[in-house]
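Since the structure is predicted, the reported quantities are computational estimates derived from the model, not experimental observations.
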Amino acid sequence: MHSVAIVTGANRGIGLEVARGLAARGHRTLLTARDLDAARAAADGIEGDVVPIRMDVSDADSVAAVAERLDRLDVLVNNAGILYDTWQRPSTADLDQVREALDVNLLGAWRTSEAFLPLMAAGARIVNVSSGAGALSGMGAGTPAYGVSKAALNAFTIKLATDVRDRGILVNAVCPGWVATDMGGAGGRPVQEGAASVLWAVDLPADGPTGGFFRDGRPIDW
C-alpha cells in the first residue's frame, strides 16, 4: 500500500516542489491550496499519484472536511505560510496583520496536526516548514508578524514532538533557507534546494531526530 502525504500551500514555491518530490518517491500526494483551480493546475505539472484538494488551513471546517475523506496519513508537511512583512516594525505593526500571520503560520499548522494525527501511526512524519526569521538566536526588528509566528511554530514543534514521541511519530521544524520564490523574492537559492531540506525530514529513519530545527539536514540554533 502506498503511503499518503499531504502538503499544505502546495500550489507554488517550496510546497509545489515538495509535492513533486513526494510523488517521485511513490507517495500518494495530496496537493492542497486555498483555491481548487490553483491546486489542479499545480498537480497537472507533476508526474505520479497527485490529488489536488482545496484546503484552507485558517478554516477549521475546511481542514476537518479533508481529514474526513482519509483513512490514513503518513506524512504531513505544514508548508502554508503568509505575510513576510518587511514593511513593518514591532513598535508600529498592524496587529490585524500579525493576527493573520499567526492564524496561518502557527495555528494553521496546529489545526492540521490536530485534525490529521488520529490518522497517523508509528513511522509517520510531521514537518513544519519554518524559517531562520523565527530563530530567537539571531532575531532582529524586521518582519515582526512573520518572525514571531515562525518562532511560535518552532515552540509548537517541540511541544508536539514531545507529545507524540511514544507513538513513533517524528515532528521537526525545517528552515529551507532563503529561496527564490514569490515570497522569498529574487536572489535566493533554487527552490529545489529548499525543498530538499524539507524532504530530508520526511525521509528520516525511525530512530531519527524529533523536536529539532534543521536546515539542509543539520541542526540550527533556535
Side-chain donor-acceptor distances from residues 33-42 under 3.5 Å, at least two apart:
| unit_1 | atom_1 | unit_2 | atom_2 | d |
| --- | --- | --- | --- | --- |
| D35 | OD2 | D37 | N | 3.2 |
| D35 | OD2 | A38 | N | 2.8 |

Qualifying residue for side chain to side chain contact (heavy atoms under 4.5 Å, CB included) with N79, from V129, V57, T32: V129

L106 reachable from V63 in the ILVMFWY side-chain graph, under 4.5 Å edges: yes

E100: partners by side-chain hydrogen bond (donor to acceptor under 3.5 Å, both in side chains), with sequence neighbours left out: none

Hydrophobic cluster membership, V66 vs V50, 4.5 Å side-chain cutoff: no

Nearest heavy atoms of I14 and P176, plus distance in Å: CD1-CG, 3.5 Å

Can you list, pair by pair, the side-chain donor-acceptor contacts under 3.5 Å of residues 163-172, counting residues two or more places apart and other chains?
| unit_1 | atom_1 | unit_2 | atom_2 | d |
| --- | --- | --- | --- | --- |
| R167 | NH2 | L117 | O | 2.9 |
| R167 | NH2 | M120 | O | 3.1 |
| N172 | OD1 | G211 | N | 3.2 |
| N172 | OD1 | G212 | N | 2.9 |
| N172 | ND2 | P209 | O | 2.9 |

With F214 via ring-ring contact (aromatic ring centres under 6.0 Å, His included) - residues at least two apart: W200

E17 side chain to G194 backbone, donor-acceptor under 3.5 Å: no

Path from W110 to L83 over hydrophobic side-chain contacts below 4.5 Å: yes

Check: T29 side chain, H27 main-chain N or O, donor-acceptor pair, under 3.5 Å: yes

Greater than 12 external heavy atoms within 6.0 Å of W222's CH2: yes

Minimum heavy-atom distance L199-G21, with the two atoms named: CD1-CA, 3.9 Å

Over all atoms of both residues, closest heavy-atom pair of C175 and G132: SG-N, 3.3 Å

L31 side chain near I46 side chain, heavy-atom distance below 4.5 Å: yes

D74: partners by side-chain contact (heavy atoms from CB on, under 4.5 Å), with sequence neighbours left out: S3, V4, R72

Residue pair V77 / V198, side-chain heavy-atom distance below 4.5 Å: yes

Qualifying residue, where the test is side chain to side chain contact (heavy atoms under 4.5 Å, CB included) with L76 and the options are V202, L119, V127, I126: I126

Salt bridge (Lys or Arg N to Asp or Glu O under 4.0 Å) partners of residues 103-131, not counting sequence neighbours, each pair once: D103-R111

Atom CG of D44 with >12 non-hydrogen neighbours under 6.0 angstrom: yes

Closest contact, heavy atoms only, S58 versus V104: CB-CG2, 4.2 Å

Note, L70 side chain near L30 side chain (heavy atom, < 4.5 Å): yes

Test item: side-chain donor near acceptor, N105 and S149, under 3.5 Å: yes

Partners meeting side-chain contact (heavy atoms from CB on, under 4.5 Å) with S131 (sequence neighbours left out): A133, Y146, K150

Smallest separation among heavy atoms of P144 and P90, with atom names: CG-N, 3.8 Å

side-chain contact (heavy atoms from CB on, under 4.5 Å) partners for A67, two or more places apart: A115, F116

Residue pairs fulfilling salt bridge (Lys or Arg N to Asp or Glu O under 4.0 Å) with at least one residue in residues 47-70, sequence neighbours excluded: R28-D49

Interatomic spacing from OG in S113 to CG in N78 - rounded to 0.5 Å: 4.5 Å

Residues that T92 engages under side-chain contact (heavy atoms from CB on, under 4.5 Å), provided they are two or more places apart: R89

Hydrophobic cluster membership, I82 vs L16, 4.5 Å side-chain cutoff: no

Minimal non-hydrogen separation, S62 against M55, with atom names: OG-CA, 3.3 Å

Euclidean distance, T112 OG1 relative to I6 CD1, rounded to 0.5 Å: 8.5 Å

Run the side-chain donor-acceptor check on residues 151-161: report pairs under 3.5 Å with partners two or more places apart or on a different chain.
| unit_1 | atom_1 | unit_2 | atom_2 | d |
| --- | --- | --- | --- | --- |
| N154 | OD1 | S130 | OG | 2.7 |
| T157 | OG1 | N128 | ND2 | 2.9 |
| T157 | OG1 | L153 | O | 2.9 |

From L95 atom CG to Q88 atom CD, the distance as rounded to the nearest 0.5 Å: 8.5 Å

Cluster overlap V98 with M139, hydrophobic side-chain contacts below 4.5 Å: no

Pairs touching residues 196-213 that satisfy salt bridge (Lys or Arg N to Asp or Glu O under 4.0 Å), sequence neighbours left out: R25-D203

